[in-house]
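Below you'll find the structure, written out as structure tokens, and then a few comments.
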Protein chains: 2
Amino acid sequence: MIAQKYCTRSLFKWLSDDIVFISGLIKERNRLQAKEDERVMAVTIKDVAKKANVAPSTVSRVISDNPRISDATKKRVRKAMEELGYHPNVNARNLAIRSTQAIGVIMPSSAETSLQNPFFPEVLRGIGSMALETGYSLYVSTGGDDTQSFEEVKRMVYGNRVDGIILLYSRRNDPIMNFLVKEKFPFVLVGKPYKRESQITYVDNDNIQASKKVTEHLIELGHRRIAYLGGTTDLVVTTDRLDGYKQALLAAEIPINEKFIIHDEFLRSSGRKAVEKLFSFSEPPTAILVADDMMSLGVINMLEELGIECPEDVSITSFNNLYLSEITRPSLTTVDINIYSLGIQSAKSLIERLKSKDEPVKRVIVPFEIKYRNSTRALTE
Amino acid sequence: MIAQKYCTRSLFKWLSDDIVFISGLIKERNRLQAKEDERVMAVTIKDVAKKANVAPSTVSRVISDNPRISDATKKRVRKAMEELGYHPNVNARNLAIRSTQAIGVIMPSSAETSLQNPFFPEVLRGIGSMALETGYSLYVSTGGDDTQSFEEVKRMVYGNRVDGIILLYSRRNDPIMNFLVKEKFPFVLVGKPYKRESQITYVDNDNIQASKKVTEHLIELGHRRIAYLGGTTDLVVTTDRLDGYKQALLAAEIPINEKFIIHDEFLRSSGRKAVEKLFSFSEPPTAILVADDMMSLGVINMLEELGIECPEDVSITSFNNLYLSEITRPSLTTVDINIYSLGIQSAKSLIERLKSKDEPVKRVIVPFEIKYRNSTRALTE
DNA sequence: GTTATTTGGTAAATCGGTTGCACAAAAAGG
DNA sequence: CCTTTTTGTGCAACCGATTTACCAAATAAC
């Protein structure tokens with residue numbers, strides 16, 4: 001029926017209909033536009049100025065509480081602002097003062113996988129809380145692949161989107177970090193720089209020491225066949241923890257077995273693969289030093305599948321003390337690296353740097369603490 | 001030895017040392033300042049214009065790939081941009097076009113606790129991936145208390161920091177949502193609005209149905225004393241899930257025992273408290289419907305402490321299917337609400353809305369799926 | 001009672017873009 | 001060959017703040 005109705009219409013009718021329709025649309029849009037404009041066309045500094053009978057510049061000075069303005073005028077202007085519901089436009093402000101009050105947070109490329117690791121939310125939480133306190137906003141890069149990540153950083157830097165950047169990872173020859181250094185863009189690193197250590201402000205744990213201590217613990221428990229399971233080798237944190245591990249072995253005069261050193265991504269799945277490999281050896285390790293709690297999770301899962309008991313057959317120590325390290329069965333002996341504090345400190349350092357250009361380069365070492373739980377036991381065999 | 005060295009120095013020596021140090025610092029600062037300015041004084045559209053022998057407006061048109069510019073000119077201008085390493089200043093651009101290419105993400109106040117729940121990182125991941133694809137940036141609110149949260153939203157809205165907002169929670173009479181509605185600011189809600197449902201674009205699961213289904217599952221397993229453990233009552237998700245639970249009980253003609261309905265925050269600790277209470281009854285529940293995986297975690301922990309076996313003594317079903325619901329012992333039977341997809345869809349809806357003002361109000365229902373695992377079992381006693 | 005200083009405030013330039021309008025030159029039409 | 005139209009650019013006015021330089025009135029100094 002409807003079809004028929006349309007079919008009987010002349011072309012002319014169609015056209016005129018269209019015209020009506022279009023004009024209707026335009027009208028509707030204008031109406032919306034008007035309402036929208038009402039919102040968008042917010043009150044400006046000029047409106048306030050007019051209302052308070054002063055110049056815009058005076059209003060600006062009132063905003064920044066400039067002492068050159070008399071209290072009487074200030075009061076008057078503030079009242080006008082209040083009445084008009086004035087809020088300064090950040091874009092205009094940023095343009096004029098060439099600053100945003102925002103800091104960028106860069107996750108390792110592919111937030112896809114990284115946001116999976118509670119490390120990042122936790123450090124974000126620390127950064128966020130500091131940002132909140134100091135009135136900064138947070139811009140987070142959302143990863144993608146390396147190229148996209150880089151593009152995002154460029155957008156942040158070149159586009160003046162942020163005043164400074166926090167890099168949530170440190171790896172060797174990271175193009176993003178090199179870029180930031182080259183551009184002399186203020187940034188701080190969470191983790192230890194691969195090189196140019198003295199020129200980069202960074203916040204880190206003493207991972208070498210932590211790893212050494214925890215390895216020593218295993219050694220004290222009588223373990224000698226200790227495996228190391230770390231993230232990709234280009235991450236500095238991985239190599240640092242490996243170093244600590246080696247130092248402890250050396251000090252205890254235990255030969256280093258390269259087969260016992262495995263690298264993969266900080267994912268749950270990597271842990272699983274590694275376990276399969278380690279226990280295919282005729283003399284498998286009696287203890288594993290895992291460089292990340294998420295990975296340990298995979299390890300534990302896989303051990304269970306393989307029918308290997310932890311800690312009876314193999315001891316595990318881990319890193320990060322994510323909340324999940326308490327809830328695994330067995331709960332994990334892990335190094336609490338104080339992630340939240342890493343976030344706080346990095347934000348703090350960055351903001352200090354932003355506030356005064358000649359803030360010196362800093363290194364902040366956040367203390368760690370080993371949490372002894374149930375995934376390790378003394379070797380008695 | 002070192003101490004002595006310092007002590008033997010005269011005051012004068014100290015002072016002069018300091019002076020040298022300071023002047024050195026200043027010199028260093030000037031050098032940095034110069035370089036810094038070099039960076040900040042980035043190439044502008046005018047520089048490009050000059051170099052390409054065109055007007056700034058032309059350059060601007062080249063950037064937006066305006067068809068009115070000839071290809072020849074475009075090529076020339078692009079070359080100039082390339083050579084000068086030109087990148088447009090976002091602030092200026094935003095000021096002119098009255099838009100940022102950014103969307104704000106609001107967590108429930110106190111990200112403190114919310115970032116603890118992997119739900120948020122996961123939904124953030126979805127949003128981020130969509131944002132990346134469409135060239136939007138992400139602004140995340142970092143919580144604090146209610147007031148601070150509100151302030152941040154105001155800053156985003158009034159300050160023109162973002163084009164639109166995604167609210168990651170829905171609760172009744174949320175001042176922030178009311179504010180956004182009042183201001184006619186584009187936003188989408190993750191969750192179901194408490195009221196004005198037809199006027200708000202939102203993305204949600206059918207929580208009532210999901211809850212009903214999972215309750216029915218428990219009933220089918222023979223359970224009749226089923227407890228419900230949900231978040232604070234002002235969260236719509238809590239009440240929806242409670243509704244589904246009640247509907248299922250009613251349909252099965254099981255009387256509703258108000259003592260078996262407990263509300264608290266979506267925290268691990270809340271789960272623990274609730275368990276204590278539930279098992280202080282003379283007739284404790286044989287099954288618990290928990291509205292959040294994190295909470296379930298607390299429940300499981302507490303059960304273990306109390307020596308109550310799951311699923312032997314009590315069955316548990318949960319919501320969200322966080323990765324941790326697989327690794328708990330027992331693994332959790334839980335409703336997979338497809339968090340990532342919630343993120344994707346909410347970002348998509350918002351961006352559509354931003355691209356065309358008269359995009360209609362939408363409701364997107366993300367499907368759920370029950371994951372049957374080991375925390376439930378048939379009641380045989 | 002002049003002149004020198006403060007004090008309080010304004011006008012206008014600037015930040016780095018976008019965009020409506022005017023206006024030549026080139027192409028099309030008559 | 002002279003209009004008319006199209007095509008390609010430039011001019012100038014914004015966007016909404018900050019900030020420099022300058023000025024008038026009030027106060028202080030001589």
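The sequence lines fix the lettering, A, B, ..., with proteins before strands; numbering per chain opens at 1. Only this structure's heavy atoms are used, side chains among them; waters, hydrogens and symmetry mates stay out.
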Distance check: side-chain N/O of [X] vs OP1/OP2 of [N], anything under 4.0 Å?
X	N	value
Tyr86(A)	dA17(D)	yes
Ser70(B)	dG8(D)	no
Arg93(A)	dT18(D)	yes
Ser60(A)	dT18(D)	yes

Taking for each residue the nucleotide of DNA chain D with the nearest heavy atom, is it Arg76(B) or Ala96(B) whose nucleotide lies nearer the 5' end?
->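 Per heavy-atom nearest nucleotide, the more 5' residue is Arg76(B).
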Nearest nucleotide by nearest heavy atom, which residue falls closer to the 5' end of DNA chain D, Asp71(B) or Arg61(A)?
->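 Nearer the 5' end of the strand: Asp71(B).
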State whether the side chain of Lys362(B) and the backbone N or O of Val203(B) hold a donor-acceptor pair below 3.5 Å, judged by distance alone.
->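 Pair absent, no side-chain N/O of Lys362(B) close to backbone of Val203(B).
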Which nucleotide, dG17(C), dT9(D), dT18(D), lies nearest any side-chain atom of Ile63(A)?
->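 Ranking dG17(C), dT9(D), dT18(D) by closest atom to the Ile63(A) side chain puts dT18(D) first.
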Thr73(A) side-chain proximity, nearest of dG17(C), dA17(D), dG8(C) =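 Out of dG17(C), dA17(D), dG8(C), the nucleotide with an atom closest to Thr73(A)'s side chain is dG8(C).
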Distance in angstrom units between [X] [atom1] and [N] [atom2], rounded:
X	N	atom1	atom2	result
Lys46(B)	dG10(D)	NZ	P	15 Å
Lys74(B)	dT7(D)	NZ	C1'	13 Å
Arg161(A)	dG17(C)	CZ	P	13 Å
Arg98(B)	dG16(D)	CZ	C1'	10 Å
Asn66(A)	dT18(D)	CG	C1'	11 Å
Lys50(B)	dG16(C)	NZ	C1'	13 Å
Asn94(B)	dG17(C)	CG	P	11 Å
Arg68(B)	dT5(D)	CZ	C1'	14 Å

Would Asn94(B) and Arg161(A) count as having a side-chain donor-acceptor pair, cut-off 3.5 Å?
->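 On atom types as modelled, these side chains do not qualify, holding no pair under 3.5 Å.
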Step by step, work out the salt bridge (charged side-chain N to carboxylate O under 4.0 Å, His left out) result for Arg78(B) and Asp65(B).
-> CA-CA 11 Å; Arg78(B) 293 219 173 94; Asp65(B) 204 24; 3.1 Å; yes
Mind checking [X] for me? I need base, sugar-phosphate or nothing, with any heavy atom below 4.0 Å counting as a touch.
X	value
Ser57(A)	base
Val90(B)	nothing
Leu95(B)	base

For the rings on Phe179(A) and Phe187(A), is their centre-to-centre separation under 6.0 Å?
->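 Ring centres of Phe187(A) and Phe179(A) not closer than 6.0 Å.
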Crowding at NZ, Lys46(B) (>12 non-hydrogen neighbours, <6.0 Å) |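 Result for NZ/Lys46(B): open.
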